[in-house]
Every structure is written in structure tokens, then in C-alpha cells.
Amino acid sequence: EDPVEAITSRPPVSSSGTHSCLVFTDIEKSTDSWGEFPSAMRKALKTHNSVIRSLIVRFCGYEVKTIGDSFMVAFASLSEGVEFGIAVQRELLAASWPPDLSELPQCSIEDGLWSGVRVRIGVNFGPVLIEENPVTARADYFGQTVNEAARLEGAFGGGGGVH
């Protein structure tokens with residue numbers, strides 16, 4: 001069995017079997033970036049997605065779904081979700097980005113630290129409902145824990161943090 005498929009094909013839950021850690025990610029101001037530099041954003045999205053997916057595997061997560069440049073990921077424990085979020089920010093900081101992306105204000109270097117897309121991340125742990133999506137046959141997550149994780153991701157501007 002392919003190790004990536006083995007890890008990402010089974011939805012994780014806590015040892016109680018009813019709780020999960022949900023993580024939402026989103027590239028800040030990506031609509032503006034796509035409008036101004038579509039070629040650079042295509043390259044940047046590939047880098048972004050590669051970083052996120054490699055870390056989902058490393059931290060034993062489950063890719064619930066993507067919408068545009070946003071990910072919804074589930075983990076069995078809060079520590080896995082938080083460690084994943086921190087690792088995402090570190091890996092994105094170290095990534096190689098298309099040079100023309102730095103012309104966008106939201107992708108420019110700040111204090112010598114940043115030169116790529118900025119990603120907001122919201123994390124929450126709690127009870128969840130897991131149901132199979134009838135179209136994709138993959139697990140989908142529902143409930144207050146999911147809603148709060150999504151709100152946390154969207155509540156903080158600036159990218160580069162884990163909330």
C-alpha cells in the first residue's frame with residue numbers, strides 16, 4: 001500500500017473516536033494576486049500545495065478538501081494540528097517563490113523575512129460529525145468545531161500565523 005494513500009485515505013479521530021483537530025488554510029489576498037500576476041500565482045500555488053501536502057503526510061493528517069487555494073485538513077490530535085500549522089509557516093518561509101510575486105504588496109519582503117504568499121491558518125479541536133461525501137466518497141467533517149476553525153482562519157489578517 002502506498003504510504004501517502006495509507007495516511008491520507010483514513011480520516012483521523014482522537015482515541016475517543018468523536019473528536020478531531022480541524023485546520024483551515026487560505027492564501028491572503030489571492031484574488032488580487034491572481035488578477036495581477038496569474039502566471040506567478042500558478043507557480044506559487046504549486047509550491048504552496050506541495051508544501052501543504054507534504055506536511056499533511058508528515059503530521060498524519062487527512063486532506064478533507066480544497067477550495068481554490070484553501071485547504072481543510074483533519075488531525076487526530078490538537079498537537080498534530082498545531083505542529084502542522086507551525087511547520088507550514090516555516091516551510092513557506094523557506095520556499096522558493098517566483099521573483100515577480102514580490103512585486104505584489106502582500107507578497108513583498110517584510111523585515112527581511114518574507115518573500116512569498118502569506119497564509120492564514122485556523123486550528124480548532126473538538127467534537128465532529130464525519131460523513132462520507134456521496135460524490136467524492138471521501139470523509140467530510142461537520143459541526144461547531146469545523147465552523148470555529150474556519151472562523152479563526154478568516155479572523156486574522158497578515159498571514160504567517162497560526163490561530
Side-chain angles (χ1 to χ4, degrees), residues 1-30 33 44-97 106-107 110-111 113-163:
E1 181 176 37
D2 176 11
V4 173
E5 181 63 22
I7 292 170
T8 60
S9 64
R10 292 184 214 109
V13 291
S14 66
S15 57
S16 71
T18 60
H19 289 64
S20 289
C21 179
L22 274 293
V23 177
F24 283 82
T25 73
D26 186 46
I27 296 177
E28 179 186 358
K29 299 183 181 176
S30 62
S33 301
L45 188 62
K46 286 182 183 183
T47 300
H48 166 269
N49 290 356
S50 176
V51 165
I52 299 254
R53 288 192 170 114
S54 71
L55 292 170
I56 290 171
V57 172
R58 185 188 310 168
F59 290 95
C60 302
Y62 177 78
E63 182 179 327
V64 179
K65 61 179 108 179
T66 60
I67 301 171
D69 56 47
S70 299
F71 278 79
M72 178 182 177
V73 185
F75 296 91
S77 72
L78 178 59
S79 62
E80 288 170 340
V82 171
E83 289 171 13
F84 165 80
I86 292 167
V88 165
Q89 297 299 7
R90 287 184 176 151
E91 294 284 330
L92 291 174
L93 183 61
S96 177
W97 298 100
Q106 63 269 25
C107 297
E110 270 186 26
D111 301 324
L113 293 177
W114 202 255
S115 61
V117 297
R118 292 189 172 98
V119 175
R120 295 183 306 261
I121 300 176
V123 179
N124 196 28
F125 180 83
V128 294
L129 300 171
I130 304 173
E131 295 180 5
E132 182 178 297
N133 180 308
V135 175
T136 65
R138 292 185 52 79
D140 203 350
Y141 289 67
F142 300 92
Q144 189 64 24
T145 299
V146 176
N147 297 338
E148 289 172 355
R151 285 191 195 113
L152 283 169
E153 175 271 310
F156 299 95
V162 179
H163 305 280

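Keep in mind that this is a model prediction, so the values were computed, not measured.
- Arg138 places a side-chain N or O within donor-acceptor distance of the main-chain N or O of Glu63, the cut-off being under 3.5 Å.
- Salt bridge status for Glu153 with Arg120: present, with a side-chain N to carboxylate O gap under 4.0 Å.
- The distance from the CG atom of Leu92 to the OG1 atom of Thr47 is 9.0 Å, given to the nearest 0.5 Å.
- Between Phe24 and Val146 there is a side-chain heavy-atom pair separated by less than 4.5 Å.
- The CZ atom of Arg90 sits 11.5 Å away from atom CG of Leu55, with the distance rounded to the nearest 0.5 Å.
- Taking OG1 from Thr66 and CZ from Phe71, the interatomic distance works out to 6.0 Å, rounded to the nearest 0.5 Å.
- Nearest heavy-atom pair across Ser20 and Tyr141 is OG-CE2, 3.6 Å.
- In this structure, Thr145 has no side-chain hydrogen bond (donor to acceptor under 3.5 Å, both in side chains) partners at least two apart in sequence or on a different chain.
- Residues Leu152 and Val123 fail the side-chain proximity criterion, which asks for heavy atoms closer than 4.5 Å.
- Side-chain contact check for Gln89 versus Ile86: every heavy-atom pair is 4.5 Å or farther apart.
- Between Leu78 and Cys21 there is a side-chain heavy-atom pair separated by less than 4.5 Å.
- Scanning for side-chain hydrogen bond (donor to acceptor under 3.5 Å, both in side chains) contacts around Glu148 gives Asn124, Gln144, with sequence neighbours left out.
- Using cut-offs of 30° and 60° on the angle between ring planes, the pair Phe84 and Phe59 is perpendicular.
- Contact check for Arg151 versus Asn147: side-chain heavy atoms found under the 4.5 Å cut-off.
- Going from atom NE2 of His48 over to atom CD1 of Ile27 covers 4.0 Å, rounded to the nearest 0.5 Å.
- One finds the CG atom of Asn133 at 7.0 Å from the NZ atom of Lys65 (value rounded to the nearest 0.5 Å).
- Rounding to the nearest 0.5 Å gives a distance of 11.0 Å between OG of Ser70 and CD1 of Ile121.
- For the pair Asp26 and Asp69, the minimum side-chain heavy-atom distance is below 4.5 Å.
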